[in-house]
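Report on one structure; see the data block that follows.
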Amino acid sequence: MTKHYLSFITIVLVLLVAGCSSNNTKPDDGAMAGDEIEDGAPIDLAEDGTSSGLDEEGAVILDPLDDPASELFVRTIYFDYDSADIREDSLDTIREHGKYLSSNPDRLVRLEGHADERGTREYNLALGESRAKTVRDVLLLEGAQEAQIELVSFGEERPAVEGTDESALQLNRRVEIVY
Amino acid sequence: MILFKRKTFIFLTFVTSLIFSAQSHALLEIEITQGVESAFPIAIMPITGDAPIAATLIESVVYANLHRSGFFSIVDKQFYPQQGKIEQVDYDRWRNNGIEALLTMNVAAAGADQYRVEFELYDLVRKKRALGHGINTKKNLMRKVAHKISDVVFESITGVKGAFSTRIAYVSELREAKNNKKFILQIADADGFNPRTVYASPKQLMSPAWSPDGRRLAYVSFENERSEIFVQDLSSGTRSKLSSAPGINSAPAWSPDGSYLAMTLSSGGNPDIYIMEVGSRKLRKLTNHHGIDTEPAWSPDGRFILFTSNRSGAPQIYQIAFGGGTPKRLTFEGNYNAAPTVSADGKYVSMVHNSGQGYRIGILDLQRNTFRLLTDGNLDEGPSFAPNGSMIIYSTHHNNSTVLSAVSADGRVRQRLRLQEGKVREPAWSPFR
């Protein structure tokens, strides 16, 4: 498992380098997520379990998770075949989630690890967990707390898409970040 | 006792597609993958008697069983020197046609839903009746009788106990409506017939494992949105949760004496093999590596546990002593070897293998240290040895679905089992009882 260890070190190094020149955050478009806020009962602007909406006093809450232009809006991280290594193009996304969790310590997240259908089901169950763990490691490096993060693996049991071509397999090798 | 002396016998004349010409097996698709020169030539006389429906059933089941085993080449009826009901076996004429054994069967109606099935097996080389039996039975037990006949014939000729009367457990996935799936743990006869539901769930089910007495199944269920191990009694249906530690709870495997379950848990930070004492549920960590260790399988003497590990960088099969110690790597061919299943004599390990051509079922001869592929699919998975080691059942992709297939342990004969509803996978072959 030297490989895992190495990939972890790689992540740390990339983070350190990226941290020095981190000006690539998305423009703050603020209230883009919900369209209209009507009078009356609180409404949930996001349908995916985030907390934008109206609070008990009727004040509008805008959660950066709901900004479609934000990295936080990306909730699926994809992986290479039989690999739990974070791809470089996923790193910013995961880091933003880590920062968000760090500055919102009351928010909880579940990382759901998945695999494509190739290989054995039990091995893929373990592989899904490995993927969820590498995502967690990045979240922790960004200041998220272990208690905020729940890991679960579904292996190849819950494909995002059916199909056996490479595009389907790629969409199934993933970690879903569920708030 | 082996009555038949196995000889090398070149038998090419009667082979080829003729083999199945007289049979109608719409539900059973058999594929001869290699020549059957060394298979044992046997004649199965058309079954006689006055109960044609029962007769057809018995004959077709026996035929399919013996054929699927890979041990036999069933000689086409046009080459039989005697026809009809045989009063006196003309040994010389049968032997002249190169046939070594003759099976005759008769089924007679004996009252309301009462039948008498009689069968006799002749050793044509030694020119003697090898055995014969009569069985009183009912219509709904006819398949059972046919499996029993197959077992007796198989054992008499090969010296190996027949496994046709055993069962298989497997998981079916049904699509009920859009985005609405149903997962069913089922048990069926070894040929895929007579399926019955053990447990049905809207959530995923995985990895059924038979207790050695054949009375219980351990399996993985996602009914609580994570993998947990359950055990279910088959006659009462009672189920209980066996393991729900944090992280993965999966890959249950009973020890040969039934007192332990090996399983994969990741509560220690990463997936490792643990041994649970079934009575006390006390756990012992067996492997300890930061990579993935999973898919434990016991050696038949209970002294070793084989498992899949990616500690070398990719999944390979390892073996560790029951008491622990340093694991020994068993597979070196290919870049993916996983999901080991061990033959009852402990001499062979079958697994999912990939060396770039696809995921296929392979078999490793532990004594000779030789490896060979048994299948040629792209996504063949879930091998499970028959309790007599003669066949391996596995799942394979077919027509955009997943079906079960059986392959003889020598790779010579492959047969898709009766096409079940939905996607069928993760077969587990039962013990003898």
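Residue numbering restarts at 1 for every chain, and letters A, B, ... go by the order of the sequence lines.
Only the side chain of B/Tyr359 comes within contact range of chain A, with heavy atoms under 4.5 Å apart. Within the 4.5 angstrom heavy-atom criterion, atoms from both the backbone and the side chain of A/Leu125 approach chain B. Only the side chain of B/Leu379 comes within less than 4.5 Å of a heavy atom in chain A; its backbone stays farther off. In this structure, chain A has a heavy atom under 4.5 Å from the side chain of B/Thr294, while its backbone stays farther away. Only the side chain of B/Arg175 comes within contact range of chain A, with at least one heavy atom under 4.5 Å from a heavy atom of that chain. Residue contact with chain A, scored on non-hydrogen atoms closer than 4.5 Å, involves the backbone and the side chain of B/Asn270 alike.
Using a 4.0 Å cut-off between charged nitrogen and carboxylate oxygen, B/Glu381 and B/Arg425 do not count as a salt-bridge pair. The residues A/Asp89 and A/Arg87 are annotated as not salt-bridged, no charged nitrogen and carboxylate oxygen being separated by less than 4.0 angstrom. Checked for salt-bridge contact, B/Lys203 and B/Glu223 miss the test: no charged N lies under 4.0 Å from a carboxylate O.
Counting heavy-atom pairs closer than 4.5 Å to chain A, the top residue among B/Ile248, B/Asp293, B/Asn354 is B/Ile248. Across A/Gly163, A/Ser153, A/Gly119, the residue that shares the most heavy-atom pairs under 4.5 angstrom with chain B is A/Gly119. Taking B/Ser309, B/Ala251, B/Ala339 one by one and counting their heavy-atom pairs under 4.5 Å with chain A, the maximum is reached by B/Ala251. Taking A/Arg158, A/Glu112, A/Glu150 one by one and counting their heavy-atom pairs under 4.5 Å with chain B, the maximum is reached by A/Arg158. Considering only heavy-atom pairs separated by less than 4.5 Å from chain A, the leading option among B/Glu426, B/Arg226, B/Lys181 is B/Glu426.
Summarising the local packing, CG of B/Asn400 is surrounded by 12 or fewer heavy atoms from other residues, nucleotides or ligands at distances under 6.0 Å. The number of heavy-atom neighbours closer than 6.0 Å to CD of A/Gln145, taken from other residues, nucleotides and ligands shown, is 12 or below.
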**Prompt:** Between A/Val109 and A/Tyr100, is a side chain to side chain contact (heavy atoms under 4.5 Å, CB included) present by the stated rule, with each step listed?
**Reply:** CA-CA 11 Å; A/Val109 71; A/Tyr100 173 81; over 6 Å; no
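Of the possible polar contacts, one joining the B/Thr341 side chain to the B/Phe385 backbone as a donor-acceptor pair under 3.5 Å is found.
Rounded to the nearest 0.5 Å, atoms CD (B/Gln316) and OH (B/Tyr336) are 10.5 Å apart.
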